[in-house]
Amino acid sequence: MKKIEHIGIAVKDIEASNEVFNKLFGEPHYKTEAVESEGVKTSFFQVGPNKIELLEATKEDSPIAKFIAKKGEGIHHIAFDVEDIESEIKRLKDEGFIVLNETPKKGADNKLVAFLHPKTTNGVLIELCQEIANKE
Ligand code: ZN
């Protein structure tokens, strides 16, 4: 793994939270994106070299809705940048981690993503993400 790519925070109302984090960082989010397949709306903030992703559920059975119902708002996942997501998935499976989606899926922010079950990572949901190469 190369570095922390971003930290994901589950929120109930992304518009209201955008204002809160705008005040906190002194700068507004630089993009918003809906990921239909996951039932989420996201916004991204750049803080120096780091990124923060806010996530709001857009449907009741979205993983974010379930998370908030169970635990309330707060840090939802930590995402790590990887060079080759397929080989990382294989490596981590061999190490005994439970990979939630063994086939990487398209996530927000032009990334291929896969998640590790928090059961095998001390309660922390881990996201692996690999930048999708821009086709020229
Ligand atoms: Zn994320």
Side-chain angles (χ1 to χ4, degrees):
M1 293 189 197
K2 296 195 289 184
K3 59 167 189 173
I4 291 179
E5 213 291 325
H6 63 268
I7 294 173
I9 299 175
V11 302
K12 286 181 185 162
D13 177 346
I14 203 162
E15 306 297 334
S17 299
N18 280 340
E19 285 180 32
V20 171
F21 283 83
N22 182 1
K23 279 185 208 159
L24 179 66
F25 300 139
E27 263 188 84
H29 58 283
Y30 65 89
K31 80 148 122 184
T32 58
E33 189 177 344
V35 184
E36 291 300 331
S37 58
E38 295 294 299
V40 295
K41 257 197 298 199
T42 67
S43 62
F44 284 86
F45 291 81
Q46 187 79 43
V47 190
N50 303 120
K51 283 193 248 172
I52 300 292
E53 173 186 33
L54 302 184
L55 304 110
E56 181 199 85
T58 54
K59 52 185 187 191
E60 266 171 45
D61 61 346
S62 147
I64 295 299
K66 288 180 194 157
F67 177 88
I68 288 178
K70 214 167 140 190
K71 298 190 170 175
E73 294 180 294
I75 293 181
H76 176 255
H77 64 272
I78 301 180
F80 293 91
D81 200 5
V82 299
E83 198 77 60
D84 177 349
I85 196 164
E86 309 264 355
S87 71
E88 260 322 78
I89 288 170
K90 188 182 177 310
R91 183 181 73 81
L92 293 167
K93 268 182 66 186
D94 290 348
E95 293 285 6
F97 294 100
I98 299 172
V99 181
L100 290 171
N101 57 301
E102 292 187 19
T103 308
K105 53 189 177 185
K106 177 93 170 59
D109 204 24
N110 199 39
K111 300 277 194 288
L112 277 176
V113 303
F115 290 91
L116 303 186
H117 197 293
K119 188 160 77 178
T120 52
T121 49
N122 293 89
V124 182
L125 179 62
I126 304 285
E127 175 183 1
L128 307 175
C129 46
Q130 178 190 334
E131 184 95 38
I132 298 170
N134 284 316
K135 285 177 199 131
E136 304 276 313

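Please read these numbers as outputs of a predicted model, since none were measured by experiment. Nothing fancy with the numbering, it's 1 onward along the sequence. Counting convention: from 1, in listed order, for ligands and their atoms alike.
- Annotation: the span from I9 atom CD1 to F45 atom CZ amounts to 9.0 Å, rounded to 0.5 Å.
- At most 12 non-hydrogen atoms from other residues, nucleotides or ligands lie less than 6.0 angstrom from NZ of K12.
- Classification of K31 and D109 as a salt-bridged pair holds, one side-chain N sitting under 4.0 Å from a carboxylate O.
- None of the N, O or S atoms belonging to E5 lies under 2.8 Å away from the Zn ion (ligand 1).
- Taking 2.8 Å as the threshold, C129 does not count as a candidate ligand of the Zn ion (ligand 1), since none of its N, O or S atoms lies below it.
- Side-chain atoms of E53 and H77 include a donor-acceptor pair closer than 3.5 Å.
- The closest approach of H6 to the Zn ion (ligand 1), by N/O/S atoms, is made by NE2.
- Here the two rings, on H29 and F44, have centers that are 6.0 Å apart or farther.
- For the Zn ion (ligand 1), the set of nearby N, O or S atoms under 2.8 Å includes one belonging to E53.
- Coordination check, H76 versus the Zn ion (ligand 1): failed, since every N/O/S atom of the residue sits at 2.8 Å or beyond.
- Nearest N, O or S atom of E127 to the Zn ion (ligand 1): atom OE1.
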